[in-house]
Amino acid sequence: MAGPTEGTGGSAPPRGKSFLEEIVEADRESARFPGPIRTRFPPEPNGYLHIGHAKSICLNFGLAAQYGGTCNLRMDDTNPTTEEAEYVEAIQRDVRWLGFQWDGPVRYASDYFEPLYAWAVELVRAGKAYVCDLTADQVEAHRGTLTTPGKPSPWRDRSVAENLDLLGRMRKGEFPDGSRTLRAKIDMASPNMHLRDPVLYRILHARHHRTGDAWCLYPTYDFAHGQSDSIEGITHSICTLEFEVHRPLYDWLLDSLGVPLHGHPRQVEFARLNLTHTVMSKRLLLRLVTEKLVSGWDDPRLPTIAGLRRRGVPPEAIREFARRIGVAKVESTVELALLEACIREELNRTAERRMAVLRPLRLVIEDWPEGREDLLEIGNNPEDPAAGSRKVPFGRELWIERDDFRAEAPKKWFRLAPGAEVRLRGGYYVRCRSVETDSRTGEPTRLLCTHDPASRGGSTPDGRKVKGTIHWVSAAHAAEAEVRLYETLFAVPDPGDVPPGKDFTHHLNPRSLEGLRGCKIEPSLAPAAPGSRWQFERIGYFCADEKDSRPGAPVFNRTVTLRDTWAKIERQEGG
RNA sequence: UGCCCCGUAGUGCAAUGGCAGCACACGGGACUUUGAAUCCCGGCAUCCAGGUUCGAAUCCUGGCGGGGCAACCA
């Protein structure tokens with residue numbers, strides 16, 4: 001894998017170090033931690049991973065690899081009401097697919113429920129935590145506001161003995177959900193809300209995906225997080241910006257529990273990734289899935305890792321994207337175009353070229369003998385000679401793209417029009433002699449052409465130039481395919497920017513999916529393996545759908561279009 | 001309103017007291033058997049005001065602007 005300072009431009013100056021790299025390097029220099037660095041990626045298994053997680057994954061695994069350390073995968077499963085084993089599986093699959101291997105087994109915060117509980121008891125014994133009988137509403141009322149201090153809970157000064165007794169009975173299941181909590185005794189007047197006696201344990205009679213019914217009280221994320229890191233010997237706990245204000249609480253907890261410095265991870269926060277034309281919050285993604293606005297977590301229009309994979313995005317492109325966006329502490333939104341550029345760059349290098357006609361129009365070469373066939377050798381990838389070539393059958397009747405013919409050629413039109421000559425990619429020059437049209441719609445139904453026999457392979461001895469080259473498929477040999485054209489799920493860069501009274505579904509793009517059947521593909525494409533990626537010449541990059549495609553009956557998803565200069569020209573000319 | 005974090009081309013990131021640079025995007029051109037790819041050229045930025053300094057994107061102060069924080073979510 002390319003190192004972080006290795007650009008693609010060759011002479012490009014090395015990228016400056018990120019603030020994360022600087023912190024890690026400073027800690028290595030000062031020997032703050034005895035051994036190699038350890039990071040972790042700690043998802044909550046309550047949804048699928050998305051490209052924002054990919055940024056975090058690349059950061060955590062990348063930093064570990066860069067400095068000779070290791071990275072753990074830990075499920076932050078402290079809330080049994082939202083977490084499921086399905087998500088645990090999906091997360092592992094996605095991290096592996098991205099190309100990373102975690103150190104040792106998958107870890108779970110739920111593995112630490114017992115030591116966590118012991119720590120809670122320790123805090124109670126030290127007079128630093130108490131059982132509070134306030135309801136959630138009352139707790140909120142006592143907490144005060146951003147500008148006014150809170151009021152102490154009436155249960156704040158219970159005796160250690162009583163707290164111990166109550167906590168034990170909470171664990172035994174003697175009390176109903178929500179009736180009591182264990183709270184840290186810190187400072188109800190703190191300007192940091194998270195220090196106003198935060199809840200450490202809540203009663204939840206819920207079945208946990210791993211511990212089953214063993215527990216009926218569960219630690220909050222805040223109580224589990226720092227200690228879980230500490231148990232795993234994490235040196236650098238990298239998380240998103242919103243946890244910055246939680247850091248004093250983690251520090252308080254670790255300090256109160258007497259965790260020594262080298263067992264006390266350094267937390268560093270970075271800005272989460274935002275991408276234009278999509279949503280990244282798990283809550284919103286979950287809504288799209290449950291309200292069936294998309295086909296599932298792996299819908300190719302979603303920014304989920306599973307969706308991107310199904311769309312045909314290679315993991316290398318995602319890693320390169322993560323590298324290029326960098327990392328900082330400013331909340332920012334990356335343009336989708338950058339992701340697309342990374343995808344095109346990778347696929348341009350690696351995807352073999354094939355010809356496919358999405359919206360077929362029949363073309364007949366009238367001076368080509370009936371029944372005669374030709375077999376043309378065409379390179380698989382001009383970017384990679386090692387990709388070899390294939391033989392493509394040619395005949396009197398061909399399918400070409402409807403978009404490649406205009407009855408009336410606009411300015412700068414290089415393609416087919418009455419009287420115009422074009423090159424059939426890898427084949428012959430043909431000239432359009434006449435057009436048959438549907439008498440009702442006026443649409444062309446057949447183009448009647450002649451060819452230049454000397455142009456076989458795509459060039460003529462006289463060196464005559466044609467401006468346009470179009471793709472084609474022999475009608476006699478064509479296979480058929482279903483093709484799904486995807487556009488952005490949302491029609492605007494910022495789906496969250498909606499008129500009053502509307503929600504994020506307001507900007508859902510009605511054209512985000514267009515299904516095409518009866519597309520004509522060259523024979524070599526028919527057996528495409530599910531998941532295989534191709535460039536359809538002049539159209540875009542496509543991936544045989546991993547679920548619905550079968551060899552012989554292929555279904556292709558458009559990953560991304562090719563850059564389309566003509567479309568741009570036409571847009572400009574058209575005003 | 002309190003506390004915390006953060007302000008560099010359109011977007012994302014560099015420059016760590018010494019010539020403000022890279023990528024994507026955008027505009028133009030060359031080349032082309034993909035209007036692809038490739039190559040060349042171009043325009044566009046330090047939030048504002050003071051201060052320190054020979055010199056400030058960088059340090060200090062104040063403003064302005066953005067984000068986060070008041071789940072028994074993570």
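To find a chain, count down the sequence lines: A is the first, B the second, and so on, and within it residues start at 1.
Separating the C1' atom of rA45(B) from that of rA20(B) is a span of 9 Å, rounded to the nearest Å. The separation of rG65(B) from rC73(B), taken at their P atoms, amounts to 35 Å, rounded to a whole angstrom. Taking the P atom of each, rU11(B) and rC47(B) are spaced 13 Å apart, rounded to whole Å. The separation of rU46(B) from rC13(B), taken at their C1' atoms, amounts to 14 Å, rounded to a whole angstrom. Comparing the P positions of rG51(B) and rG17(B) gives a spacing of 23 Å, expressed to the nearest Å. rC60(B) and rG7(B) are spaced 13 Å apart, taking the P atom of each and rounding to whole Å. Across the P atoms, rA37(B) and rG27(B) are found 14 Å apart, a figure rounded to whole Å. rC69(B) sits 29 Å from rC59(B) when the C1' atoms are compared, rounded to a whole Å.
Within the nucleic acid shown, Phe243(A) comes within 4.0 Å of at least one base atom, counting heavy atoms only. Among the atoms of the strands shown, none is found under 4.0 Å from any heavy atom of Trp472(A). Across all strands, Pro382(A) comes closer than 4.0 Å to base atoms (heavy-atom distances). Nucleic acid contact for Thr333(A): sugar-phosphate only, since backbone atoms but no base atoms lie under 4.0 Å from a heavy atom of the residue. In this structure, Thr469(A) reaches the sugar-phosphate backbone alone: every heavy-atom distance under 4.0 Å involves primed, P, OP1 or OP2 atoms, never a base. Among the protein residues, Leu217(A) comes within range of no part of the nucleic acid, since none of its heavy atoms lies under 4.0 Å from any strand.
Put simply, CD1 on Ile238(A) is 19 Å from P on rC5(B), counting in whole angstrom units. Remark: C1' of rC73(B) and CG of Asn79(A) are 6 Å apart, rounded to the nearest angstrom. Regarding His277(A), its NE2 atom lies at a distance of 19 Å from the P atom of rC24(B), rounded to whole Å. Residue His208(A) contributes atom NE2, which lies 13 Å from atom P of rC73(B) at whole-angstrom precision. Atom OH in Tyr541(A) sits roughly 7 Å away from atom C1' in rA36(B) (whole-Å rounding).
Ring orientation note: the planes of His209(A) and Tyr108(A) are tilted relative to one another, at an angle of 30° to 60°. Below 30°, between 30° and 60°, or above 60°: for His246(A) and Tyr250(A) the angle between ring planes is between 30° and 60°, a tilted geometry. Taking the six-membered ring where tryptophan is involved, the planes of Tyr87(A) and Tyr48(A) are perpendicular, since the angle between them exceeds 60° and thus also 30°.
Checking Gly458(A) against Ser332(A), the closest nucleotide of RNA chain B that is more toward the 5' end is the one next to Ser332(A). Taking for each of Pro191(A) and Gly427(A) the nucleotide of RNA chain B with the nearest heavy atom, the 5'-most of the two is the partner of Pro191(A).
Checked against rG35(B), rC24(B), rA37(B), the side chain of Arg415(A) finds its nearest nucleotide in rG35(B). Counting only heavy atoms from C-beta on, Glu44(A) has its side chain closest to rC73(B) among rC73(B), rC6(B), rA36(B). In this structure, of rA74(B), rC4(B), rA25(B), it is rC4(B) that holds the atom nearest to the side chain of Val245(A). Closest to the Met193(A) side chain, of the nucleotides rG67(B), rA37(B), rC69(B), is rC69(B). Checking rG35(B), rU32(B), rA71(B) against every side-chain atom of Trp566(A), the shortest atom distance belongs to rG35(B). Across rU34(B), rA25(B), rA23(B), the shortest atom-to-atom separation from the side chain of Gln535(A) is found for rU34(B). Nearest nucleotide to the side chain of Ile325(A), out of rG12(B), rC69(B), rG35(B): rG12(B). Among rU32(B), rA36(B), rG7(B), the nucleotide with an atom closest to any side-chain atom of Arg563(A) is rA36(B). Of the candidate nucleotides rC72(B), rU34(B), rG68(B), rG68(B) has the atom nearest to the side chain of Glu242(A). Taking every side-chain heavy atom of Leu146(A) into account, rC69(B) is the closest of rC5(B), rU34(B), rC69(B).
An OP1 or OP2 oxygen of rC13(B) is reached within less than 4.0 angstrom by no side-chain nitrogen or oxygen of Ser18(A). Listed pair Lys282(A) / rC73(B) fails the phosphate criterion, with no side-chain N or O lying under 4.0 Å from OP1 or OP2. Between Thr565(A) and rA36(B) there is a side-chain polar atom (N or O) within less than 4.0 angstrom of OP1 or OP2. Phosphate contact (OP1/OP2 of rA36(B), side-chain N/O of Arg353(A), threshold under 4.0 Å): absent. Checking the phosphate oxygens (OP1, OP2) of rC72(B), a side-chain nitrogen or oxygen of Arg143(A) falls inside 4.0 Å. Distances shorter than 4.0 Å separate some side-chain N or O of Gln572(A) from OP1 or OP2 on rG27(B). Checking the phosphate oxygens (OP1, OP2) of rG7(B), no side-chain nitrogen or oxygen of Lys329(A) falls inside 4.0 Å. Taking 4.0 angstrom as the limit, Arg538(A) places a side-chain polar atom (N or O) nearer than this to OP1 or OP2 of rG35(B). Contact check, Arg202(A) against rA74(B): a side-chain N or O comes under 4.0 Å of OP1 or OP2.
Shown here for Ala356(A) and Phe536(A), the closest heavy-atom pair between the two residues is CB-CD1, 3.5 Å. Nearest heavy atom pair, residue Arg40(A) against residue Ile234(A), reads CB-CD1, 3.7 Å.
Put simply, CE on Met193(A) and CG on Leu249(A) are 13.5 Å apart, with the number rounded to the nearest 0.5 Å.
Relative to the six-membered ring of Trp534(A), Arg353(A) misses at least one condition, a distance below 6.0 Å or an angle of at most 45° to the axis.
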Q: Could you please spell out the steps behind the side-chain hydrogen bond (donor to acceptor under 3.5 Å, both in side chains) verdict for Tyr429(A) and Arg423(A)?
A: CA-CA 4 Å; Tyr429(A) 289 5; Arg423(A) 171 167 40 236; 3.3 Å; yes

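No donor-acceptor contact under 3.5 Å links the side chain of Glu383(A) to the base of rU38(B). For Glu335(A) and rG10(B), a side-chain-to-base donor-acceptor distance below 3.5 Å is present, hydrogens and geometry of angles not being considered. Between the base of rA74(B) and the side chain of His246(A) there is a donor-acceptor pair shorter than 3.5 Å.
For rA23(B), the paired base is rU11(B) (Watson-Crick or G-U wobble, both distances below 3.5 Å). Of the nucleotides present, rU38(B) is the one that pairs with rA30(B) by Watson-Crick or G-U wobble criteria, both distances under 3.5 Å. Pairing partner, rU61(B): rA49(B), with both Watson-Crick or wobble hydrogen-bond distances short of 3.5 Å. Across the strands present, rG43(B) finds no partner; the criterion is a Watson-Crick or G-U wobble pair with both atom distances under 3.5 angstrom.
Between the side chains of Gln535(A) and Glu537(A), not a single donor N or O lies within less than 3.5 Å of an accepting N or O.
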